[in-house]
Amino acid sequence: MDGSDQVAVRQDKLLRMREEGLDPFLTNWDQAHVSTEAIGLLPEDEEQGPEVSVAGRIVAFRLMGKASFLKILDRSGKIQSYVRRDEIGEDQYASFKKLDLGDFIGIRGPLFRTKTGEVTIRAKEYKLVSKALRPLPEKWHGLTDNEQIYRQRYLDLIVNDDSRNRFRGRSQIIREIREFFWSRDFLEVETPMLQAVSGGAAARPFRTHFNALDCDFSMRIALELHLKRLLVGGFDRVFEVGRVFRNEGLSRRHNPEFTMLEAYQAYSDYRGMMELTQSLIQHVADKAIGSLTIERTEGEPIELAGQWREAKYKDLIIDAVGQEDWFNLEKNEKLKKCKEMGIEVDPELEDFEVTNDVFEKVIEHTLIQPTFVTHIPRELCPLAKITESDPSTLDVFELCINGQEIAPAYSEQNDPDVQREAFMIQSGEETQELDEDFLTALEHGMPPAGGMGMGIDRLVIFLTNAANIRDTILFPTLRPS
RNA sequence: GGGUCGGUAGCUCAAUCGGUAGAGCAGUGGCCUUUUAAGCCAUUGGUUCCGGGUUCGAGUCCCGGCCGGCCUACCA
């Protein structure tokens, strides 16, 4: 037997175990402790500790003649074990030496401290509980090939500590989002992902077919219209965390399926949502990340403490273009100005879209510190209430952090006639389907409410300082291999 | 979709002007009872992403394809 095929070598080991009547895939082991918990059982000033029983995957293996060190990885982290031939016996040590990196084993024994100070289990007993037939990626560099990281995420999670910690962080973030809303008496609900009409956002949906009813369905593109039906139904504080699907391109900031949080609170408005959103993110950063100051790979850290900046959309635009009368200019003059500023703008765009291009291309990426952008032009959102003092703008904000839109919030439109009219204007654009059933619901009366939506993946990007949305999604969408 | 860069051993990476495909880790055999990317000696392992072409000769040059990264486009 040579080392030419590592899988064959391992299969051969497995075969030999079975010939000896040993089961390489046990049904169980008493995982009485996880590694970090076990480490905590040996007080700082002591050399010997209690007996523990742990289990995990072998991720480091240092064999010496008659004694060995190994590290196992479990859900909480890693712990080292020390295995001596004179303690577990000659036969046991011989089979121990045949274990491979990647195998799952159980270990039982007392804790002690090595001469370098590391808390270690002195094995009295070990057992192979599950054999690994394929080798692990290289131990020092880990797995760096992006494609393999995404397609075989389990390998990434085994060998890349950063990645493992980031996904733990994501889970904590979502847990704390729930805690926050529960503490404010919101009801968590689930609404349909399969919809006859997908509305609530201007995005192309994924289409599918329901055989039993012989009709076409779409995957949802937003949670909004169903959550508002629940406001009509009397659940006057609701939230949902769930997947939405948009049939659009992939990018560093876009995955076709992503996780959205939406929350609606009756008898509140966009100002109330501002307080809620800021408190939510501060709560999550504090509890899940442990700090309100978020370091970034480059540039100044993001400071989440205190009261966040508010800025009017128009002021930001005027400031960016350096021209007080921007909103009085003809479209052609705006296009000309854009060209001077070196911004490429499609001349076919509507007037307000040209302005919004300036926002997206010049301003958005500069908003690193949390900023509520308010008084957004009414054309940009058909589901919000119009500002009383300025009918050209809406009672909404768009929260930008880390140079990205993170969360829009509105004083929600609850006048069915105004809502229908706004929908009709947009329905020509094909991206927003008219949802008659939703309008019927509004006609039954919806309490005034503030609503907020947040892209969880983007929140996780900046809270965990990830480079890419794909580093925050366990199994990002890829072309089938 | 467009531009651009890449795909070499299980993993991380080399390979000069087109001239015998290499190293580290992992594996295999041996030595080694407190190691920390353990160490020392020996050693196995290749459809160089796939298919064509140019050439005496292609990992390297050309054409096409597949997959991916980045940028861009689409994107409330």
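Note that these values count all heavy atoms, side chains included, but never hydrogens, waters or copies made by symmetry. Per chain, numbering begins at 1; letters A, B, ... match sequence-line order.
- Counting non-hydrogen atoms under 4.0 angstrom, A:G142 reaches the backbone sugars and phosphates but no base.
- Applying the side chain to side chain contact (heavy atoms under 4.5 Å, CB included) criterion to A:E340, with sequence neighbours excluded, gives A:K336, A:K337.
- Figure legend: A:K131 and A:F104 shown without cation-pi pairing, the cationic atom not lying both under 6.0 angstrom from the six-membered ring centre and within 45 degrees of its axis.
- The side chain to side chain donor-acceptor pair (under 3.5 Å) test applied to A:K139 returns no partner, not counting sequence neighbours.
- Evaluation of the side chain to side chain contact (heavy atoms under 4.5 Å, CB included) rule for A:E344 yields no partner, not counting sequence neighbours.
- By the side chain to side chain contact (heavy atoms under 4.5 Å, CB included) test, A:R252 is found to be paired with A:N468, residues two or more places apart in sequence or in another chain being considered.
- Near RNA chain B, meaning a heavy atom under 4.0 Å from it, residues 73-85 of chain A has A:Q80, A:Y82, A:R84 in order of number.
- The residue A:R246 sits apart from the nucleic acid: no heavy atom pair falls under 4.0 Å.
- One interatomic measurement links the two molecules: CZ of A:F69 to C1' of B:A37, which rounds to 16 Å at whole-angstrom precision.
- Atom-to-atom, CZ of A:R134 to C1' of B:G10 comes out at 9 Å; the value is rounded to the nearest Å.
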Output a table of donor-acceptor pairs, distance under 3.5 Å, between side-chain atoms of residues 375-386 of chain A and any protein atom two or more places apart or on a different chain; print 'none' if there are none.
{"from": "A:R378", "atom 1": "NH1", "to": "A:P391", "atom 2": "O", "distance (Å)": "3.3"}
{"from": "A:K385", "atom 1": "NZ", "to": "A:N414", "atom 2": "OD1", "distance (Å)": "2.8"}

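- Close to B:C70, at under 4.0 Å from its OP1 or OP2, lies no side-chain N or O of A:R252.
- Across the protein-nucleic acid pair, A:L70 atom CG and B:U33 atom P stand 17 Å apart, rounded to whole Å.
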Can you check nucleotides 64-68 of chain B for protein contacts, nitrogen or oxygen pairs under 3.5 Å, and list what you find?
{"from": "B:C67", "atom 1": "O3'", "to": "A:R151", "atom 2": "NH2", "distance (Å)": "3.0"}
{"from": "B:C67", "atom 1": "O2'", "to": "A:E147", "atom 2": "OE1", "distance (Å)": "2.8"}
{"from": "B:C67", "atom 1": "O2'", "to": "A:E147", "atom 2": "OE2", "distance (Å)": "2.2"}
{"from": "B:G68", "atom 1": "OP1", "to": "A:R151", "atom 2": "NH2", "distance (Å)": "3.3"}
{"from": "B:G68", "atom 1": "OP1", "to": "A:R479", "atom 2": "N", "distance (Å)": "2.9"}
{"from": "B:G68", "atom 1": "OP2", "to": "A:R479", "atom 2": "NE", "distance (Å)": "3.4"}
{"from": "B:G68", "atom 1": "O4'", "to": "A:E147", "atom 2": "OE1", "distance (Å)": "3.2"}

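- If you check residues 118-128 of chain A against RNA chain B, the residues with a heavy atom closer than 4.0 Å are A:E118, A:R122, listed by number.
- Using a 4.0 Å heavy-atom criterion, one finds that A:L63 contacts the bases of the nucleic acid, with or without backbone contacts as well.
- Non-hydrogen atoms lying under 4.0 Å from RNA chain B are contributed by A:L101, A:F112, A:T114, all within residues 98-114 of chain A.
- A distance of 11.0 Å separates CZ in A:F359 from NE2 in A:H365, rounded to the nearest 0.5 Å.
- OP1 or OP2 of B:U28 has at least one side-chain nitrogen or oxygen of A:K13 nearer than 4.0 Å.
- Taking side-chain N and O atoms only, A:K139 has no distance below 4.0 Å to OP1 or OP2 of B:C11.
- Contact between the side-chain N/O atoms of A:Q6 and the OP1/OP2 oxygens of B:G45 is not found at any separation under 4.0 Å.
- Using a 4.0 Å heavy-atom distance criterion, A:N468 is classed as a sugar-phosphate-only contact.
- Residues in residues 144-163 of chain A take part in no ring-ring contact (aromatic ring centres under 6.0 Å, His included) pair, two or more places apart or across chains.
- With C1' as the reference atom, B:G39 and B:U34 are 14 Å apart, rounded to whole Å.
- Residue pairs meeting the ring-ring contact (aromatic ring centres under 6.0 Å, His included) criterion with at least one member in residues 72-93 of chain A, sequence neighbours excluded, are A:F69-A:Y82, A:Y82-A:F112, A:Y93-A:F96.
- Listed by chain and residue number, nothing satisfies the side chain to side chain donor-acceptor pair (under 3.5 Å) test with A:D319 (two or more places apart in sequence, or in another chain).
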